[in-house]
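To start, the structure itself, in C-alpha coordinates.
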Amino acid sequence: MKLYLNHSYRYAVEQTLMSLFPGDAPLYPEAPPRAGENALYSSLSYGKQWVTACAVLIHEGKQYRRRARAEIRALSDELERGRVLQRMIRLSFYRAAADALGEEPPWGALTGVRPVKLPVKAMEHGLTRGQAETRMKSVYRVSPSRLELVMSCADACLAAKQTLTENEISLYIGIPFCPSRCAYCSFVSAEVGRSLKLVEPFLEGLLEEVYTAGAMLRRTGKTVRSVYIGGGTPTTLSASQLERLMGAVGDSFDLSRCTEYTVEAGRPDTITAEKAAVIAACGAGRTSVNPQSMEDAALRAMGRPHTAVDVLRAYELVRRTGSLSVNMDLIAGLPGSTPGGFFHSLDTVLSLEPENITVHTLALKKGSSLLTGGRFVLPSAEEVTSMLEYAWRALAQAGYKPYYLYRQKYMSGSFENVGWCMPGRQSIYNICMMEELHSVLALGGGGITKLVNPATGAIRRISNPKYPREYIERLPHILAEKEQMIWPINSAKSTAASGRTPRDF
Ligand code: SF4
(Lines give C-alpha, C1' and ligand atoms only; values in the text may rest on other atoms or scores of the structure.)
Protein backbone atom coordinates (compact mmCIF):
# COMPACT_ATOMS: atom_id res chain seq x y z
CA MET A 1 0.00 0.00 0.00
CA LYS A 2 1.23 3.49 -0.81
CA LEU A 3 1.84 5.47 2.37
CA TYR A 4 2.10 9.26 2.71
CA LEU A 5 3.07 10.46 6.19
CA ASN A 6 3.69 13.92 7.63
CA HIS A 7 5.43 12.39 10.66
CA SER A 8 8.28 9.97 11.33
CA TYR A 9 6.29 7.15 13.00
CA ARG A 10 6.56 4.68 10.13
CA TYR A 11 6.70 1.69 12.45
CA ALA A 12 3.28 2.44 13.99
CA VAL A 13 1.71 2.69 10.53
CA GLU A 14 3.46 -0.44 9.23
CA GLN A 15 2.41 -2.54 12.25
CA THR A 16 -1.23 -1.64 11.67
CA LEU A 17 -0.84 -2.27 7.95
CA MET A 18 0.62 -5.71 8.64
CA SER A 19 -2.20 -6.63 11.01
CA LEU A 20 -5.10 -5.38 8.84
CA PHE A 21 -3.75 -5.82 5.31
CA PRO A 22 -1.33 -8.77 5.76
CA GLY A 23 -0.47 -9.09 2.07
CA ASP A 24 0.35 -5.39 1.52
CA ALA A 25 3.95 -4.19 1.63
CA PRO A 26 4.53 -0.57 2.72
CA LEU A 27 5.61 1.74 -0.13
CA TYR A 28 6.72 5.37 0.21
CA PRO A 29 6.48 6.88 -3.28
CA GLU A 30 6.95 10.58 -4.00
CA ALA A 31 4.19 10.67 -6.62
CA PRO A 32 0.54 10.55 -5.55
CA PRO A 33 -1.39 7.27 -6.01
CA ARG A 34 -2.82 6.50 -9.42
CA ALA A 35 -6.56 6.06 -9.90
CA GLY A 36 -7.73 2.76 -8.37
CA GLU A 37 -4.64 2.32 -6.17
CA ASN A 38 -4.99 1.85 -2.41
CA ALA A 39 -3.20 4.43 -0.27
CA LEU A 40 -3.03 5.93 3.19
CA TYR A 41 -2.41 9.55 4.18
CA SER A 42 -1.48 9.67 7.87
CA SER A 43 -0.92 13.03 9.54
CA LEU A 44 -0.45 14.63 12.93
CA SER A 45 -1.63 18.16 13.74
CA TYR A 46 -1.20 20.12 16.94
CA GLY A 47 -3.78 22.49 18.47
CA LYS A 48 -3.78 24.35 21.79
CA GLN A 49 -5.34 21.54 23.80
CA TRP A 50 -5.27 18.54 21.48
CA VAL A 51 -2.97 16.65 19.18
CA THR A 52 -4.92 14.96 16.39
CA ALA A 53 -3.93 12.01 14.22
CA CYS A 54 -5.86 11.81 10.98
CA ALA A 55 -5.97 8.87 8.57
CA VAL A 56 -7.36 9.14 5.08
CA LEU A 57 -7.53 5.67 3.57
CA ILE A 58 -8.23 5.16 -0.12
CA HIS A 59 -9.43 1.59 -0.51
CA GLU A 60 -10.94 0.09 -3.66
CA GLY A 61 -11.87 3.48 -5.02
CA LYS A 62 -13.53 4.78 -1.83
CA GLN A 63 -12.20 7.21 0.74
CA TYR A 64 -12.40 6.68 4.51
CA ARG A 65 -11.35 9.44 6.92
CA ARG A 66 -10.95 8.88 10.68
CA ARG A 67 -9.26 10.65 13.58
CA ALA A 68 -7.91 9.98 17.06
CA ARG A 69 -6.77 12.62 19.50
CA ALA A 70 -5.00 13.11 22.81
CA GLU A 71 -4.52 16.01 25.19
CA ILE A 72 -1.37 17.99 24.45
CA ARG A 73 -0.32 17.73 28.09
CA ALA A 74 0.00 13.95 27.63
CA LEU A 75 3.07 14.76 25.50
CA SER A 76 4.94 16.67 28.20
CA ASP A 77 6.73 13.56 29.41
CA GLU A 78 9.45 12.81 26.86
CA LEU A 79 9.13 9.03 27.30
CA GLU A 80 5.34 9.09 26.98
CA ARG A 81 5.30 11.42 23.97
CA GLY A 82 6.29 8.84 21.37
CA ARG A 83 3.96 6.22 22.83
CA VAL A 84 0.94 8.55 22.84
CA LEU A 85 1.53 9.80 19.30
CA GLN A 86 2.02 6.30 17.94
CA ARG A 87 -1.14 5.15 19.68
CA MET A 88 -3.12 7.97 18.04
CA ILE A 89 -1.63 7.20 14.63
CA ARG A 90 -2.49 3.50 14.94
CA LEU A 91 -6.01 4.22 16.17
CA SER A 92 -6.87 6.63 13.35
CA PHE A 93 -5.57 4.18 10.72
CA TYR A 94 -7.36 1.28 12.41
CA ARG A 95 -10.69 3.10 12.50
CA ALA A 96 -10.48 4.03 8.82
CA ALA A 97 -9.45 0.46 7.91
CA ALA A 98 -12.28 -1.06 9.98
CA ASP A 99 -14.76 1.13 8.07
CA ALA A 100 -13.24 0.03 4.77
CA LEU A 101 -13.04 -3.69 5.55
CA GLY A 102 -16.36 -3.97 7.37
CA GLU A 103 -14.91 -6.35 9.96
CA GLU A 104 -12.50 -6.16 12.84
CA PRO A 105 -9.83 -8.56 14.15
CA PRO A 106 -10.29 -10.08 17.65
CA TRP A 107 -7.62 -7.85 19.15
CA GLY A 108 -9.16 -4.76 17.57
CA ALA A 109 -6.70 -1.89 17.18
CA LEU A 110 -4.05 -3.51 19.38
CA THR A 111 -0.95 -4.59 17.49
CA GLY A 112 1.59 -4.89 20.33
CA VAL A 113 3.08 -8.00 21.86
CA ARG A 114 1.95 -7.15 25.42
CA PRO A 115 -1.72 -6.10 25.41
CA VAL A 116 -2.03 -6.64 29.20
CA LYS A 117 0.04 -3.53 29.84
CA LEU A 118 -2.79 -1.24 28.76
CA PRO A 119 -5.47 -2.17 31.35
CA VAL A 120 -2.79 -2.53 34.04
CA LYS A 121 -1.56 0.98 33.38
CA ALA A 122 -5.10 2.34 33.20
CA MET A 123 -5.98 0.85 36.60
CA GLU A 124 -2.72 2.11 38.10
CA HIS A 125 -3.65 5.58 36.88
CA GLY A 126 -6.87 5.43 38.88
CA LEU A 127 -9.42 3.86 36.54
CA THR A 128 -11.64 1.17 38.06
CA ARG A 129 -11.54 -2.32 36.58
CA GLY A 130 -14.86 -1.62 34.86
CA GLN A 131 -13.58 1.64 33.37
CA ALA A 132 -10.40 -0.04 32.12
CA GLU A 133 -12.51 -2.77 30.54
CA THR A 134 -14.79 -0.22 28.86
CA ARG A 135 -11.75 1.60 27.50
CA MET A 136 -10.39 -1.64 25.99
CA LYS A 137 -13.78 -2.25 24.42
CA SER A 138 -14.67 1.19 23.16
CA VAL A 139 -11.29 2.75 22.34
CA TYR A 140 -9.32 -0.31 21.21
CA ARG A 141 -12.36 -2.35 20.13
CA VAL A 142 -11.11 -5.58 21.64
CA SER A 143 -13.55 -8.50 21.16
CA PRO A 144 -15.38 -10.01 24.19
CA SER A 145 -13.29 -13.23 24.14
CA ARG A 146 -9.95 -11.35 24.14
CA LEU A 147 -11.29 -8.87 26.69
CA GLU A 148 -11.91 -11.70 29.14
CA LEU A 149 -8.37 -13.00 28.62
CA VAL A 150 -6.67 -9.65 28.90
CA MET A 151 -8.58 -8.54 32.02
CA SER A 152 -7.92 -11.82 33.82
CA CYS A 153 -4.20 -11.44 33.04
CA ALA A 154 -4.30 -7.78 34.18
CA ASP A 155 -5.76 -8.92 37.53
CA ALA A 156 -2.97 -11.49 37.91
CA CYS A 157 -0.35 -8.88 37.00
CA LEU A 158 -1.60 -6.35 39.55
CA ALA A 159 -1.77 -9.05 42.24
CA ALA A 160 1.80 -10.14 41.43
CA LYS A 161 3.01 -6.53 41.59
CA GLN A 162 1.68 -6.24 45.14
CA THR A 163 4.05 -8.98 46.24
CA LEU A 164 7.20 -7.47 44.69
CA THR A 165 9.62 -5.51 46.80
CA GLU A 166 12.35 -3.09 45.79
CA ASN A 167 15.66 -4.60 44.74
CA GLU A 168 14.16 -7.93 43.70
CA ILE A 169 15.08 -9.37 40.33
CA SER A 170 14.52 -12.60 38.41
CA LEU A 171 17.34 -14.82 37.26
CA TYR A 172 17.24 -16.61 33.89
CA ILE A 173 19.75 -19.21 32.72
CA GLY A 174 19.67 -20.38 29.09
CA ILE A 175 20.85 -23.84 28.00
CA PRO A 176 21.04 -23.64 24.19
CA PHE A 177 20.98 -27.37 23.43
CA CYS A 178 18.18 -29.70 22.39
CA PRO A 179 18.19 -33.42 21.60
CA SER A 180 16.96 -32.62 18.07
CA ARG A 181 15.46 -29.64 16.30
CA CYS A 182 11.65 -29.37 16.09
CA ALA A 183 10.43 -28.29 12.66
CA TYR A 184 8.49 -25.22 13.85
CA CYS A 185 11.16 -23.95 16.23
CA SER A 186 12.72 -20.54 15.77
CA PHE A 187 14.83 -20.61 18.91
CA VAL A 188 18.52 -20.88 18.41
CA SER A 189 19.41 -24.15 19.94
CA ALA A 190 22.10 -26.62 18.93
CA GLU A 191 21.26 -30.26 18.35
CA VAL A 192 23.21 -32.04 21.01
CA GLY A 193 24.11 -34.93 18.68
CA ARG A 194 26.04 -32.53 16.43
CA SER A 195 27.50 -30.36 19.19
CA LEU A 196 28.13 -32.87 21.96
CA LYS A 197 31.77 -31.69 22.20
CA LEU A 198 30.56 -28.19 23.11
CA VAL A 199 28.32 -29.15 26.05
CA GLU A 200 31.07 -29.51 28.65
CA PRO A 201 33.03 -26.35 27.68
CA PHE A 202 29.74 -24.43 27.54
CA LEU A 203 28.84 -25.62 31.03
CA GLU A 204 32.30 -24.70 32.37
CA GLY A 205 31.86 -21.19 30.96
CA LEU A 206 28.35 -20.94 32.36
CA LEU A 207 29.53 -21.90 35.84
CA GLU A 208 32.06 -19.05 35.68
CA GLU A 209 29.29 -16.68 34.63
CA VAL A 210 27.09 -17.89 37.51
CA TYR A 211 29.88 -17.24 40.06
CA THR A 212 30.67 -13.81 38.58
CA ALA A 213 27.03 -12.72 38.43
CA GLY A 214 26.41 -14.00 41.97
CA ALA A 215 29.29 -11.92 43.34
CA MET A 216 28.09 -8.85 41.39
CA LEU A 217 24.56 -9.24 42.74
CA ARG A 218 25.76 -9.52 46.32
CA ARG A 219 27.76 -6.30 45.86
CA THR A 220 24.75 -4.41 44.52
CA GLY A 221 22.31 -5.62 47.20
CA LYS A 222 19.83 -7.18 44.75
CA THR A 223 17.92 -10.28 45.77
CA VAL A 224 16.58 -13.08 43.59
CA ARG A 225 12.80 -13.50 43.62
CA SER A 226 12.57 -16.23 40.99
CA VAL A 227 14.91 -18.50 39.04
CA TYR A 228 14.13 -19.92 35.62
CA ILE A 229 16.44 -22.37 33.85
CA GLY A 230 15.19 -22.61 30.27
CA GLY A 231 16.50 -22.94 26.76
CA GLY A 232 16.65 -24.93 24.51
CA THR A 233 16.15 -27.91 26.76
CA PRO A 234 18.00 -27.80 30.09
CA THR A 235 17.46 -31.54 30.60
CA THR A 236 19.67 -32.17 27.58
CA LEU A 237 22.37 -31.90 30.25
CA SER A 238 23.13 -35.09 32.16
CA ALA A 239 21.98 -35.51 35.78
CA SER A 240 25.49 -34.76 37.08
CA GLN A 241 25.82 -31.67 34.84
CA LEU A 242 22.45 -30.41 36.09
CA GLU A 243 23.60 -31.01 39.65
CA ARG A 244 26.78 -28.98 39.07
CA LEU A 245 24.83 -26.11 37.54
CA MET A 246 22.13 -25.99 40.20
CA GLY A 247 24.77 -26.42 42.92
CA ALA A 248 26.62 -23.36 41.56
CA VAL A 249 23.39 -21.35 41.49
CA GLY A 250 22.67 -22.28 45.12
CA ASP A 251 26.25 -21.41 46.18
CA SER A 252 26.38 -18.10 44.29
CA PHE A 253 23.01 -16.46 44.86
CA ASP A 254 21.11 -15.71 48.03
CA LEU A 255 17.90 -17.63 47.39
CA SER A 256 16.41 -17.06 50.83
CA ARG A 257 13.72 -14.79 49.31
CA CYS A 258 13.26 -16.79 46.13
CA THR A 259 9.65 -18.01 45.97
CA GLU A 260 9.81 -19.84 42.65
CA TYR A 261 12.53 -21.94 41.02
CA THR A 262 11.75 -23.53 37.64
CA VAL A 263 13.83 -25.93 35.58
CA GLU A 264 12.27 -26.61 32.19
CA ALA A 265 12.37 -30.27 31.31
CA GLY A 266 10.53 -29.56 28.06
CA ARG A 267 11.20 -32.49 25.83
CA PRO A 268 9.87 -35.75 27.31
CA ASP A 269 12.65 -37.69 25.57
CA THR A 270 15.26 -36.02 27.85
CA ILE A 271 13.60 -36.69 31.20
CA THR A 272 14.87 -39.50 33.44
CA ALA A 273 14.06 -40.38 37.04
CA GLU A 274 17.61 -39.39 38.00
CA LYS A 275 17.32 -35.90 36.41
CA ALA A 276 13.90 -35.30 37.97
CA ALA A 277 15.33 -36.26 41.37
CA VAL A 278 18.29 -33.88 40.91
CA ILE A 279 16.00 -31.01 39.91
CA ALA A 280 13.85 -31.51 43.00
CA ALA A 281 16.78 -32.11 45.36
CA CYS A 282 18.70 -29.02 44.22
CA GLY A 283 15.93 -26.61 45.12
CA ALA A 284 13.58 -26.31 42.15
CA GLY A 285 9.85 -26.55 42.82
CA ARG A 286 8.54 -26.24 39.30
CA THR A 287 9.21 -27.89 35.97
CA SER A 288 7.60 -28.41 32.58
CA VAL A 289 6.80 -31.41 30.48
CA ASN A 290 5.82 -30.11 27.08
CA PRO A 291 3.95 -32.45 24.78
CA GLN A 292 2.93 -29.69 22.29
CA SER A 293 0.54 -32.34 20.98
CA MET A 294 -0.72 -35.74 22.13
CA GLU A 295 -1.17 -36.86 18.50
CA ASP A 296 1.68 -39.10 17.38
CA ALA A 297 1.23 -38.06 13.74
CA ALA A 298 1.58 -34.36 14.61
CA LEU A 299 4.62 -35.11 16.78
CA ARG A 300 6.22 -36.94 13.84
CA ALA A 301 5.42 -34.05 11.48
CA MET A 302 7.20 -31.70 13.91
CA GLY A 303 10.26 -33.91 13.91
CA ARG A 304 9.92 -34.76 17.59
CA PRO A 305 11.12 -38.32 18.11
CA HIS A 306 8.87 -39.06 21.08
CA THR A 307 5.30 -40.30 21.31
CA ALA A 308 2.30 -39.32 23.42
CA VAL A 309 3.02 -42.34 25.67
CA ASP A 310 6.52 -40.92 26.34
CA VAL A 311 4.86 -37.72 27.58
CA LEU A 312 2.79 -39.70 30.08
CA ARG A 313 5.89 -41.56 31.24
CA ALA A 314 7.88 -38.33 31.69
CA TYR A 315 4.99 -36.72 33.56
CA GLU A 316 4.82 -39.70 35.90
CA LEU A 317 8.58 -39.42 36.56
CA VAL A 318 8.48 -35.76 37.61
CA ARG A 319 5.34 -36.30 39.70
CA ARG A 320 7.06 -39.14 41.53
CA THR A 321 9.48 -36.62 43.06
CA GLY A 322 6.50 -35.47 45.14
CA SER A 323 7.54 -31.82 45.12
CA LEU A 324 7.58 -30.51 41.56
CA SER A 325 4.64 -28.58 40.17
CA VAL A 326 4.26 -28.92 36.42
CA ASN A 327 3.55 -26.77 33.39
CA MET A 328 2.53 -28.42 30.11
CA ASP A 329 2.68 -26.62 26.74
CA LEU A 330 0.31 -27.32 23.86
CA ILE A 331 0.30 -25.75 20.41
CA ALA A 332 -2.86 -25.01 18.45
CA GLY A 333 -2.42 -24.94 14.68
CA LEU A 334 0.38 -27.46 14.22
CA PRO A 335 0.91 -28.77 10.69
CA GLY A 336 -1.15 -31.84 10.01
CA SER A 337 -3.21 -31.40 13.19
CA THR A 338 -7.01 -31.27 13.23
CA PRO A 339 -9.48 -29.69 15.67
CA GLY A 340 -10.45 -33.20 16.86
CA GLY A 341 -6.80 -34.10 17.45
CA PHE A 342 -6.21 -30.89 19.38
CA PHE A 343 -9.30 -31.46 21.53
CA HIS A 344 -7.98 -34.93 22.36
CA SER A 345 -4.54 -33.48 23.26
CA LEU A 346 -6.09 -30.90 25.56
CA ASP A 347 -8.42 -33.40 27.23
CA THR A 348 -5.50 -35.77 27.88
CA VAL A 349 -3.38 -33.01 29.39
CA LEU A 350 -6.31 -31.83 31.52
CA SER A 351 -6.80 -35.36 32.85
CA LEU A 352 -3.24 -35.19 34.27
CA GLU A 353 -4.11 -32.06 36.30
CA PRO A 354 -0.87 -30.09 35.90
CA GLU A 355 -0.76 -26.79 37.81
CA ASN A 356 -0.13 -24.81 34.61
CA ILE A 357 -1.12 -25.32 30.99
CA THR A 358 0.19 -22.95 28.33
CA VAL A 359 -1.68 -22.87 25.04
CA HIS A 360 0.47 -21.53 22.22
CA THR A 361 -0.63 -20.77 18.71
CA LEU A 362 1.79 -21.75 16.01
CA ALA A 363 3.80 -18.69 15.09
CA LEU A 364 5.89 -18.99 11.98
CA LYS A 365 9.10 -17.06 12.29
CA LYS A 366 12.10 -16.72 10.09
CA GLY A 367 14.29 -19.69 11.01
CA SER A 368 11.50 -22.21 11.34
CA SER A 369 12.10 -25.11 8.95
CA LEU A 370 8.36 -25.31 8.27
CA LEU A 371 8.85 -22.24 6.13
CA THR A 372 11.48 -23.82 3.98
CA GLY A 373 9.83 -26.58 2.05
CA GLY A 374 6.07 -26.14 2.09
CA ARG A 375 5.96 -29.81 3.10
CA PHE A 376 3.19 -29.52 5.65
CA VAL A 377 -0.37 -28.25 5.51
CA LEU A 378 -1.30 -25.86 8.28
CA PRO A 379 -4.85 -25.82 9.70
CA SER A 380 -6.96 -22.88 8.55
CA ALA A 381 -7.55 -19.81 10.74
CA GLU A 382 -11.13 -21.04 11.36
CA GLU A 383 -9.82 -24.42 12.57
CA VAL A 384 -7.30 -22.74 14.87
CA THR A 385 -10.08 -20.51 16.22
CA SER A 386 -12.19 -23.57 17.01
CA MET A 387 -9.19 -25.18 18.79
CA LEU A 388 -8.66 -22.09 20.95
CA GLU A 389 -12.33 -21.66 21.77
CA TYR A 390 -12.50 -25.29 22.85
CA ALA A 391 -9.38 -24.82 24.98
CA TRP A 392 -10.74 -21.71 26.72
CA ARG A 393 -14.02 -23.44 27.56
CA ALA A 394 -12.44 -26.69 28.75
CA LEU A 395 -9.73 -24.96 30.80
CA ALA A 396 -12.22 -22.63 32.49
CA GLN A 397 -14.55 -25.54 33.28
CA ALA A 398 -11.62 -27.42 34.85
CA GLY A 399 -10.89 -24.43 37.13
CA TYR A 400 -7.93 -22.87 35.29
CA LYS A 401 -7.60 -19.11 34.78
CA PRO A 402 -5.55 -17.17 32.22
CA TYR A 403 -2.74 -15.33 34.03
CA TYR A 404 -0.28 -14.15 31.38
CA LEU A 405 -0.38 -13.76 27.64
CA TYR A 406 1.61 -12.44 24.76
CA ARG A 407 1.25 -12.06 21.05
CA GLN A 408 4.03 -12.60 18.56
CA LYS A 409 5.01 -10.98 15.34
CA TYR A 410 4.33 -13.33 12.42
CA MET A 411 1.70 -15.12 14.50
CA SER A 412 -0.77 -16.94 12.27
CA GLY A 413 -4.12 -15.12 12.32
CA SER A 414 -4.71 -12.69 15.17
CA PHE A 415 -3.90 -15.13 17.93
CA GLU A 416 -1.92 -15.21 21.14
CA ASN A 417 -0.11 -17.49 23.61
CA VAL A 418 -1.83 -17.83 26.97
CA GLY A 419 -0.62 -19.25 30.28
CA TRP A 420 -3.38 -20.80 32.40
CA CYS A 421 -3.08 -21.82 36.03
CA MET A 422 -4.95 -23.56 38.80
CA PRO A 423 -5.97 -21.11 41.56
CA GLY A 424 -2.91 -19.63 43.25
CA ARG A 425 -0.44 -21.43 40.94
CA GLN A 426 0.54 -18.59 38.63
CA SER A 427 4.24 -18.38 37.80
CA ILE A 428 5.65 -15.12 39.15
CA TYR A 429 8.59 -15.39 36.73
CA ASN A 430 6.30 -15.54 33.69
CA ILE A 431 4.31 -12.52 34.84
CA CYS A 432 7.37 -10.43 35.74
CA MET A 433 9.15 -11.31 32.53
CA MET A 434 6.18 -10.78 30.24
CA GLU A 435 4.91 -7.58 31.84
CA GLU A 436 8.44 -6.29 32.47
CA LEU A 437 7.69 -5.72 36.16
CA HIS A 438 11.29 -5.92 37.26
CA SER A 439 14.77 -6.62 35.96
CA VAL A 440 15.76 -10.02 34.69
CA LEU A 441 19.41 -11.00 34.90
CA ALA A 442 20.08 -13.50 32.12
CA LEU A 443 23.02 -15.89 31.97
CA GLY A 444 23.95 -18.59 29.48
CA GLY A 445 23.20 -19.03 25.79
CA GLY A 446 20.74 -16.58 24.23
CA GLY A 447 19.91 -14.93 27.56
CA ILE A 448 18.77 -11.31 27.29
CA THR A 449 19.26 -9.30 30.46
CA LYS A 450 16.57 -6.64 30.84
CA LEU A 451 17.33 -3.81 33.22
CA VAL A 452 13.96 -2.23 34.00
CA ASN A 453 13.64 1.19 35.58
CA PRO A 454 10.45 0.65 37.59
CA ALA A 455 9.63 4.36 37.77
CA THR A 456 9.79 5.09 34.05
CA GLY A 457 9.40 1.63 32.50
CA ALA A 458 12.56 2.29 30.44
CA ILE A 459 14.43 -0.92 29.65
CA ARG A 460 18.07 -1.53 28.76
CA ARG A 461 18.83 -4.87 27.13
CA ILE A 462 22.13 -6.76 27.16
CA SER A 463 22.27 -9.93 25.07
CA ASN A 464 24.43 -12.97 25.57
CA PRO A 465 25.52 -14.82 22.40
CA LYS A 466 22.99 -17.34 21.13
CA TYR A 467 25.26 -20.09 19.83
CA PRO A 468 27.29 -22.27 22.23
CA ARG A 469 30.55 -21.81 20.27
CA GLU A 470 30.16 -18.03 20.20
CA TYR A 471 29.29 -18.07 23.90
CA ILE A 472 32.48 -19.96 24.73
CA GLU A 473 34.62 -17.68 22.55
CA ARG A 474 33.16 -14.47 23.99
CA LEU A 475 33.20 -15.60 27.62
CA PRO A 476 35.80 -13.01 28.83
CA HIS A 477 33.61 -10.21 27.41
CA ILE A 478 30.45 -11.72 28.97
CA LEU A 479 32.12 -11.98 32.38
CA ALA A 480 33.34 -8.37 32.19
CA GLU A 481 29.83 -7.21 31.31
CA LYS A 482 28.40 -9.06 34.31
CA GLU A 483 31.07 -7.70 36.65
CA GLN A 484 30.45 -4.10 35.62
CA MET A 485 26.68 -4.21 35.30
CA ILE A 486 25.05 -0.88 36.18
CA TRP A 487 21.52 -1.17 37.53
CA PRO A 488 18.86 1.46 36.84
CA ILE A 489 18.32 4.07 39.52
CA ASN A 490 14.69 4.97 40.26
CA SER A 491 15.16 8.61 39.47
CA ALA A 492 12.26 9.66 37.24
CA LYS A 493 8.85 10.41 38.68
CA SER A 494 6.12 7.94 37.88
CA THR A 495 3.36 9.36 35.68
CA ALA A 496 0.90 7.58 37.98
CA ALA A 497 1.68 10.15 40.63
CA SER A 498 1.26 13.20 38.42
CA GLY A 499 -2.43 14.04 38.91
CA ARG A 500 -5.31 13.61 36.50
CA THR A 501 -4.72 11.15 33.67
CA PRO A 502 -4.52 12.92 30.29
CA ARG A 503 -7.32 11.81 28.01
CA ASP A 504 -6.97 10.20 24.63
CA PHE A 505 -9.54 8.62 22.35
S1 SF4 B 1 12.66 -28.70 22.19
FE2 SF4 B 1 11.87 -26.60 22.22
S3 SF4 B 1 13.67 -25.28 21.97
FE4 SF4 B 1 14.26 -27.36 21.39
S5 SF4 B 1 14.03 -27.43 19.17
FE6 SF4 B 1 12.10 -28.21 20.07
S7 SF4 B 1 10.78 -26.41 20.30
FE8 SF4 B 1 12.86 -25.67 19.92
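Order of appearance sets the numbers: ligands from 1, and atoms from 1 within every ligand.
At least one heavy atom of Ser180 sits closer than 4.0 Å to an atom of ligand 1.
Between the side chain of Ser345 and the backbone N or O of Gly341 there is at least one donor-acceptor pair closer than 3.5 Å.
For Ser337 and Glu295, the side-chain atoms include no donor-acceptor pair closer than 3.5 Å.
Close approach of ligand 1 to Thr233 is summarised as follows: ligand atoms under 4.0 Å from at least one heavy atom of the residue are 1 (S), 4 (Fe). Set against the non-hydrogen atoms of Cys185, the atoms of ligand 1 under 4.0 Å away are 3 (S), 5 (S), 7 (S), 8 (Fe).
Residue Cys178: an N/O/S atom is found under 2.8 Å from atom 4 (Fe) of ligand 1.
Ion pairing of Glu473 with Arg469 is absent here, as no side-chain N (NZ or NE/NH1/NH2) approaches a carboxylate O to less than 4.0 Å.
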**OP:** For Glu435 and Lys161, run salt bridge (Lys or Arg N to Asp or Glu O under 4.0 Å): C-alpha distance rounded to whole Å, both residues' side-chain angles, the deciding distance at 0.1 Å, then the answer.
**Re:** CA-CA 10 Å; Glu435 302 309 328; Lys161 263 185 134 171; over 6 Å; no

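Using cut-offs of 30° and 60° on the angle between ring planes, the pair Tyr172 and Tyr228 is parallel.
Atom 1 (S) of ligand 1 has its nearest heavy-atom neighbour, among Gln292, Arg267, Met302, in Arg267.
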